[in-house]
2 protein chains.
Amino acid sequence: MRMKTIRKEEGPIAGRPVTNQRSLLLDIIRQANRHLDADELYRLAKKREPRISLATVYRNLKLFKELGLIAERKLGDTHSHYEIRGAADHHHLVCLGCGQVIEFESPFIAKATDKIKRENDFDVTSIQLKMEGYCSKCKKKMK
Amino acid sequence: MRMKTIRKEEGPIAGRPVTNQRSLLLDIIRQANRHLDADELYRLAKKREPRISLATVYRNLKLFKELGLIAERKLGDTHSHYEIRGAADHHHLVCLGCGQVIEFESPFIAKATDKIKRENDFDVTSIQLKMEGYCSKCKKKMK
DNA sequence: ATGAAAGATGCAAACATTTGAAAAATATTT
DNA sequence: AAATATTTTTCAAATGTTTGCATCTTTCAT
Ligand SMILES: [Zn+2]
Ligand SMILES: [Zn+2]
Ligand SMILES: [Zn+2]
Ligand SMILES: [Zn+2]
């Protein structure tokens with residue numbers, strides 16, 4: 001129906017058909033620049049593509065994750081959040097008291113990864129690290 | 001109905017009523033010594049306490065986790081696994097090719113944790129680290 | 001441009017987990 | 001030991017995520 005001239009090799013969704021749903025979803029995640037959940041993404045996508053289904057959202061989140069384009073985060077809610085994967089991988093510190101999420105990077109994690117790779121002859125493609133505990137404010141409240 | 005003389009302060013389930021379901025579940029997890037999922041735990045518990053419900057299993061897994069007795073692991077399946085928390089915390093390396101799970105410990109992770117604690121004045125109570133990738137066998141197959 | 005093959009989508013159903021509320025068990029007070 | 005207060009359990013319903021299958025879309029070869 002529609003005239004599309006995008007070759008599959010050009011886009012970031014390497015080797016896979018480029019559908020409207022796919023580019024739309026990836027576009028929304030890129031623009032968002034924060035931790036989106038599946039339902040937020042679904043509702044945002046519906047505005048531009050009203051017939052899109054939640055299953056498609058989940059299936060593409062899974063695909064984008066496998067392609068290394070996004071990261072899934074389990075931050076403490078009952079559901080997951082997703083964010084774009086940039087140059088430097090970051091990790092999360094979650095306060096069990098107030099729910100605040102602090103993002104951080106750590107050179108020690110890179111060292112640990114190198115060691116693991118060598119010792120196990122393993123090709124590590126992704127690292128998921130979350131630390132939980134209590135922030136300074138919540139620590140004080142608990143006394 | 002039943003004569004129980006266990007005082008709540010004695011058991012490991014500090015400050016909480018000690019129910020049959022609770023001690024049974026914790027006992028099974030202790031004995032298992034491997035990564036159990038909620039349904040396996042439920043079926044094992046049913047053998048000794050046929051009226052136990054799956055909701056009780058989930059609610060107690062949540063409690064044990066909060067008390068630091070067990071750890072929840074998301075190893076790549078659609079569902080979680082649980083294991084007892086011993087003296088030394090360990091982490092997981094999951095092969096995306098064959099699904100094998102390698103457990104490891106790392107002093108670098110401890111260093112990273114210390115730094116995070118100091119820099120953010122944060123009291124870290126648990127660390128969840130998973131690395132994904134391809135083991136040596138699966139790497140070779142992919143060539 | 002057309003047709004065939006491969007792959008994605010939408011829907012509904014299945015699965016995994018959480019939660020409200022009434023009933024039951026445990027703990028505390030008398 | 002009985003009465004009361006507190007917490008847990010069960011069941012059922014709700015929420016979050018995955019999956020089978022028929023249909024539609026995209027891609028590839030002509
Ligand atoms: Zn806090
Ligand atoms: Zn983040
Ligand atoms: Zn492997
Ligand atoms: Zn383990």
Side-chain angles (χ1 to χ4, degrees), chain A residues 1-26 35-43 45-46 48-67 69-70 72-82 99, chain B residues 1-26 35-43 45-46 48-67 70 72-82:
Chain A
M1 187 78 248
R2 201 149 144 217
M3 251 309 174
K4 276 270 183 186
T5 47
I6 299 169
R7 311 254 87 211
K8 68 174 189 181
E9 287 81 7
E10 291 176 33
I13 310 169
R16 292 304 190 81
V18 177
T19 64
N20 290 340
Q21 290 89 332
R22 240 167 226 173
S23 26
L24 172 58
L25 290 171
L26 198 48
H35 300 141
L36 281 177
D37 65 34
D39 196 63
E40 285 178 288
L41 179 55
Y42 173 57
R43 289 200 311 268
K46 255 184 125 116
R48 287 207 255 158
E49 189 96 36
R51 283 186 41 82
I52 196 171
S53 81
L54 191 51
T56 295
V57 170
Y58 277 109
R59 270 197 271 244
N60 280 306
L61 284 171
K62 187 164 184 277
L63 173 68
F64 297 159
K65 203 170 55 160
E66 280 164 12
L67 295 175
L69 298 173
I70 64 169
E72 178 179 10
R73 312 294 189 187
K74 318 253 182 178
L75 298 172
D77 277 316
T78 57
H79 58 276
S80 291
H81 286 82
Y82 301 84
Chain B
M1 187 79 248
R2 199 146 147 218
M3 252 308 174
K4 275 269 182 185
T5 47
I6 299 171
R7 310 255 88 209
K8 69 175 187 179
E9 286 80 9
E10 290 174 35
I13 310 168
R16 292 303 191 77
V18 177
T19 64
N20 290 340
Q21 290 89 330
R22 243 165 222 176
S23 28
L24 172 58
L25 290 172
L26 199 48
H35 302 140
L36 281 177
D37 65 34
D39 196 63
E40 285 178 288
L41 179 54
Y42 174 57
R43 288 202 310 269
K46 255 186 129 123
R48 287 206 254 160
E49 191 95 37
R51 281 184 45 80
I52 197 171
S53 80
L54 191 51
T56 295
V57 170
Y58 276 109
R59 270 200 258 248
N60 280 308
L61 284 171
K62 186 164 185 276
L63 172 68
F64 298 159
K65 202 170 58 160
E66 280 164 12
L67 295 176
I70 65 170
E72 178 179 11
R73 311 295 189 188
K74 319 251 183 180
L75 298 173
D77 275 316
T78 57
H79 57 276
S80 291
H81 286 84
Y82 302 84

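All values derive from a computational prediction rather than experimental measurement. Atom set for the values below is all heavy atoms of this structure, side chains included, hydrogens, waters and symmetry mates excluded.
Using a 4.0 Å heavy-atom cutoff across all strands shown, Thr78(B) reaches sugar-phosphate atoms only and no base atom. Among the atoms of the strands shown, only primed sugar atoms or phosphate atoms (P, OP1, OP2) are found under 4.0 Å from some heavy atom of Asn60(B).
Between Leu54(B) and Tyr42(B) the shortest heavy-atom distance is N-CE1, 3.4 Å. The nearest pair of heavy atoms linking Ala38(B) to Val57(B) is O-CG1, 3.8 Å.
Thr19(B) has no side-chain polar atom (N or O) that falls below the 4.0 Å cut-off from OP1 or OP2 of dA25(C). OP1 or OP2 of dA25(C) has not a single side-chain nitrogen or oxygen of Gln21(B) nearer than 4.0 Å.
Picking from dT18(C), dT26(D), dG10(C) the nucleotide with the shortest atom distance to the side chain of Asn20(A) gives dT26(D). Closest approach to the Pro17(A) side chain among dG7(C), dT17(C), dT18(D) is made by dG7(C) (side chain taken as heavy atoms from C-beta onward). Among the nucleotides dC11(C), dT18(C), dT27(D), the one closest to any side-chain atom of Ser53(A) is dC11(C). Of the listed nucleotides (dT18(C), dC11(C), dT27(D)), dC11(C) has the atom at the smallest distance from the side chain of Arg51(A). Comparing dT19(C), dT8(D), dT17(C) by their nearest atom to the side chain of Ala55(B) picks out dT19(C).
One atom, CZ of Arg16(A), and another, P of dA6(C), lie 15 Å apart when rounded to the nearest Å. Going from atom CG of Leu25(B) over to atom C1' of dT10(D) covers 14 Å, rounded to whole Å. Taking atom CZ of residue Arg59(B) and atom C1' of nucleotide dA14(D), one finds them 13 Å apart after rounding to whole Å. One interatomic measurement links the two molecules: OH of Tyr58(B) to C1' of dA12(D), which rounds to 16 Å at whole-angstrom precision. Between His79(B) atom NE2 and dT17(D) atom C1' the separation is 14 Å, expressed in whole Å. Leu63(B) has its CG atom 7 Å from the P atom of dT8(D), to the nearest Å. The distance between atom CD1 of Ile13(A) and atom P of dT26(D), rounded to the nearest whole Å, is 12 Å. Nucleotide dG16(D) holds its C1' atom 9 Å from the OH atom of Tyr82(A), rounded to whole Å.
With 3.5 Å as the limit, one finds no donor-acceptor pair spanning the side chains of Tyr58(B) and Lys62(B).
Side chain of Asp37(A) to main chain of Asp39(A): a donor-acceptor pair is present (N/O by atom type, distance under 3.5 Å, no hydrogens or angles).
Leu25(A) places a side-chain heavy atom less than 4.5 Å from the side chain of Ile52(A).
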